[in-house]
Amino acid sequence: MMKLLIGNHNYSTWSMRPWLFVHYHELPVEVICMELFSDDLLQTLEPHFSDGKVPLLLDGKFEVWDSIAIMEYLGERFPESASWPTNREARAVARAVSAEMHSSFSVLREEAPMNIRKRFPGYELSKQALKEVSRIQNIWRHCRNNYGANGPWLFGDFSIADAMYAPVVMRFRSVQVDLDETSQNYCNTINQCESVIRWIDQAYQEQGVVDADEIDWPGESIPPRSV
Ligand SMILES: N[C@@H](CCC(=O)N[C@@H](CS)C(=O)NCC(=O)O)C(=O)O
């Protein structure tokens, strides 16, 4: 069976993406979760090519080490699990917004790391981060309004693009932002997705605290299942 190595559910955004894809499509992949930056994780990753990073997919001796590449590979290995929209134009846009997630929004990522168990009342994002939040909402509106008629996801059916943006919705659990109606509805779709709920539950079963992903602001625990 293939193996997917991931980091903490509470913090590891890049792990969450391919894990969601695996869980949503009920793929036969064994998940191995290890604490980010721990010696165990570093030792486990040592013989592999991922440069000490998770997620990492092992298919026998073959390795794939990047979240989008892992999801595309799984989509090809299990063709019944649609990875991209079938319409050519929608697919191009889905790839563009997924690549944009991969390469952008660095200020938001820095100021509001994913921290599923905690929220930070009164914490204000900088102007630059809010500009990125605004761009994310533009993207969500663009996808939902132009390509989302067949279902609640960005391109109607669940695709890699939704897995890419799910951790952003987790950041908005912790840090309050004003969202337009379409974006709020999309966040509700993510928050109500059974696979996302399962990921969140697993974050609550962990104890580990990763200092690098904690922000310097008084936080409070979010009670489990209370989004
Ligand atoms: N571009 C990679 C990013 C992977 C990544 O940065 N993973 C983080 C965890 S979310 C990590 O392993 N960090 C450990 C480190 O940088 O030492 C992907 O999309 O999978």
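Just so it is clear, the structure is predicted and the values come from calculations on it, not from any experiment. Both counts, for ligands and for their atoms, begin at 1 and track the order of listing.
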Practice problem: Run through the side-chain heavy atoms of Ile, Leu, Val, Met, Phe, Trp and Tyr, join any pair under 4.5 Å, and report what else lands in V107's cluster. | Solution: none

Quiz item: Which residue holds the protein heavy atom closest to atom 16 (O) of ligand 1, what is that atom called, and what is the gap in Å?
Solution: K53 CE, 3.5 Å

Practice problem: Tell me which protein heavy atom sits closest to atom 19 (O) of ligand 1, plus the residue, atom name and distance to 0.1 Å. | Solution: S67 OG, 2.6 Å

Polar contacts were defined as any N/O atom of the residue lying under 3.5 Å from an N/O atom of the ligand; does this apply to [X] and ligand 1?
{"X": "H102", "result": "yes"}
{"X": "V54", "result": "yes"}
{"X": "S12", "result": "no"}
{"X": "D66", "result": "yes"}

Quiz prompt | Non-hydrogen atom of F37 closer than 4.0 Å to ligand 1 | solution = yes

Self-check item: Heavy atoms of other groups near Q207 CD, more than 12 under 6.0 Å
Solution: no

Quiz item: Just which atoms of ligand 1 are under 4.0 Å from any heavy atom in P55?
Solution: 20 (O)

Quiz prompt | Which of the ligand 1 atoms, numbered from 1, are nearer than 4.0 Å to a heavy atom of L36 | solution = 9 (C)

Exercise. Give a yes or no on whether a salt bridge exists between R109 and E132, defined as a side-chain N under 4.0 angstrom from a carboxylate O.
Key: no

Exercise. To the nearest 0.5 angstrom, please state how far the CZ atom of R117 sits from the CD atom of Q205.
Key: 11.0 Å

Quiz prompt | Any residue meeting ring pair (Phe, Tyr, Trp, His ring centres under 6.0 Å) with F37, in chain and number order, not counting sequence neighbours | solution = none

Practice problem: Assess the pair Y186 and Y165: is the distance between their ring centroids shorter than 6.0 Å? | Solution: no

Exercise. Would you kindly check if the NZ (Lys) or CZ (Arg) of R17 is within the cone defined by 45 degrees around the ring axis of W19 and under 6.0 Å from the six-membered ring centre?
Key: no

